[in-house]
Amino acid sequence: MAEKKKGGLKELSPITIYKNLPKTNCKECGQENCMAFATKIVNREVDLDACKPLLKPENAKQYALLSELLKPAVKEVTIGIGDKAKKIGGKLVMYRHEFTYKNPTAIAIDVTDEMPESEVVSRVQKTDNFSYEYIGNTLKLDLIAVRSTSENADKFKACVKKVSETTQLPLILVALNPAIAEAGLMAAPKARPLLYAATTTNWKEMAELAIMYDAPLVASAPNDLNALISLAKTLQEYGVKDIVLDPGTFANDGLADTLNNFTMLRRAATKGGEELAGLPLIGIPMVAWANKGDLADDLVKWRESYLASMLITRFADAIILHSNDGWSLLPTVVLRQNIYTDPRKPVAVEPGLKVFGTPDENSPVMFTSNFALTFYTVASDIESSKTNAYLIVVDAEGAAIDAGVAGRKLTAEKIADAIKASGIENKVKHRKIISPGKASRISGEIEELSGWKVLVGPRDSSEIAKYVIDKWQP
């Protein structure tokens, strides 16, 4: 079956892919045969390069054909080098329910060449060390944006050098003067930073720098999409390989135009197949700090945070922020994580027996589902209360307690089997298990199938500690 377009995404059949594979069934890709590999490719679960025979010179034609078929609507661009390099773009579709998004929005924190060196180092280290555990994922920041506010090439070069010595995070060099931009590039000649920005007036000099230093380049034409596309075309024809689009970010009265421009570009790429619009997009939420007037800093940070969140939901592939306070960053990184999870797969953890503290043969035993948010909430509440306990995580196919019970994904049979498989009967001498309050309706069935007495616990895991103190009698 030939490929066809559906909402801008090429809808491929495994047969189309299979016909262009070497058909060796060598299993080097980790799949049983080439047809299984083709199916994984169609679902974007493996990379084409996993097929080693396809990388041989004699298969170059087939590789090029498959690469073209699988090309995303939005080009993927890499910023930086090594393990910390950040890929942006690479989107296949406009909306996440159509197909899983890849390459989460890169978040950069800025420093300027007029900040004291100690402040630059402090901000960079704080960005590097930012970390937040969220339902089994470690949320981090990605980039440092070094801005030239002094308009002094030597100061900019020194600042870029200090940042490069302090972190391995990829850089965005922000300087509209080509001479100053080159000074920054000279301080990190092989770092492959994102160069910001080429405009209708400086594009030639910036393009030459991007080519010379093999750096991706931002094309910027605020609130003028026709000029932006024209500029991107000019840069491509001049020889710039990796281009990022900046349609302009405006706070307050300009917010509607900002969101509209981002949306129109992404729609043109994914729905209209326009290649020049199919380039990663960068937003600058830190414009919230411009003309702040008498506004309190906390209010500006809040405005910057909600602008960042809007841009993430409206297709920005990279953003630059000024505030590095945890309270303003946390909503942004959590939202990003939620948007970039796979909507086709429930967020689940491995089932099995979990041990908290130093439980003994008289300690309480509980069970919960393997829905990640449920598990990590329960685990956090048990840990914070310093309760010594055993927790059996039951495979509910990633469903929460109430949804799992209602949908027959968390059944008495599964719970009884999980109790037996966990080996808990060899660890405690009692036969009592605490059930989540939301699973109370199946407690009788659990008792019949497992032989354990079920104690109906609280509906909210925050009450576990009090429940154990008041009710647990082994």
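Numbering starts at 1 and runs along the sequence shown. Only heavy atoms go into these numbers, but all of them, side chains included; no hydrogens, no water, no symmetry mates.
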Sequence-distant partners of [X], ring pair (Phe, Tyr, Trp, His ring centres under 6.0 Å), two or more places apart:
X	answer
Tyr95	His97
Tyr376	none
Tyr132	none

Identify every side-chain donor-acceptor pair in residues 108-117 under 3.5 Å, counting partners at least two apart or on other chains, and give the distances.
| unit_1 | atom_1 | unit_2 | atom_2 | d |
| --- | --- | --- | --- | --- |
| Asp110 | OD1 | Arg123 | NH2 | 3.0 |
| Asp110 | OD1 | His322 | ND1 | 2.8 |
| Asp110 | OD2 | Arg147 | NE | 2.9 |
| Asp110 | OD2 | Arg147 | NH2 | 3.2 |
| Thr112 | OG1 | Glu114 | N | 3.3 |
| Thr112 | OG1 | Met115 | N | 3.4 |
| Asp113 | OD1 | Thr149 | N | 3.0 |
| Asp113 | OD1 | Thr149 | OG1 | 3.3 |
| Asp113 | OD1 | Ser150 | N | 3.1 |
| Asp113 | OD1 | Ser150 | OG | 3.3 |
| Asp113 | OD2 | Ser150 | OG | 2.8 |
| Glu114 | OE1 | Thr149 | OG1 | 2.8 |

Query raised in the report: On the ring face of Phe130, is Lys140 found with NZ or CZ under 6.0 Å from the centre and within 45° of the axis?
Result: no
Between the side chains of [Y] and [X], is the shortest nitrogen-to-carboxylate-oxygen separation below 4.0 Å, so that they form an ion pair?
X	Y	value
Glu76	Lys91	no
Lys52	Glu28	no
Asp242	Arg192	yes

Query raised in the report: Is Thr39 reaching over with its side chain to a backbone N or O of Met35, donor-acceptor style, under 3.5 angstrom?
Result: yes
Query raised in the report: Hey, does the side chain of Asn260 reach the backbone of Ala256 with a donor-acceptor pair shorter than 3.5 angstrom?
Result: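 Not at all, since once roles are kept as given, no pair shorter than 3.5 Å links the two residues.
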Query raised in the report: Mind checking whether Tyr101 and Tyr340 have parallel, tilted or perpendicular rings, split at 30° and 60°?
Result: tilted
[X] atom [atom1], over 12 foreign heavy atoms within 6.0 Å:
X	atom1	value
Asn129	CG	yes
Lys23	NZ	yes
Glu350	CD	no

Report task. Please test Thr16 against Ser13 for side chain to side chain donor-acceptor pair (under 3.5 Å), starting from the C-alpha separation and ending with a verdict. Result -> CA-CA 5 Å; Thr16 304; Ser13 74; 3.0 Å; yes
List the atom pairs, with distances to 0.1 Å, where a side-chain N or O of residues 53-66 and a protein N or O form a donor-acceptor pair under 3.5 Å, not counting sequence neighbours.
| unit_1 | atom_1 | unit_2 | atom_2 | d |
| --- | --- | --- | --- | --- |
| Asn59 | ND2 | Pro53 | O | 2.7 |
| Tyr63 | OH | Asp49 | OD1 | 2.6 |

Report task. State which residues pass salt bridge (Lys or Arg N to Asp or Glu O under 4.0 Å) with Glu165; sequence neighbours excluded, sorted by chain then number. Result -> Lys161, Lys162
Query - Flag side-chain contact, heavy atom, 4.5 Å: Val394 against Asn370 - result: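 No. Closest side-chain heavy atoms not under 4.5 Å.
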Requested in this report: For Arg336 and Ser309, run side chain to side chain donor-acceptor pair (under 3.5 Å): C-alpha distance rounded to whole Å, both residues' side-chain angles, the deciding distance at 0.1 Å, then the answer.
Outcome: CA-CA 8 Å; Arg336 177 184 63 174; Ser309 298; over 6 Å; no
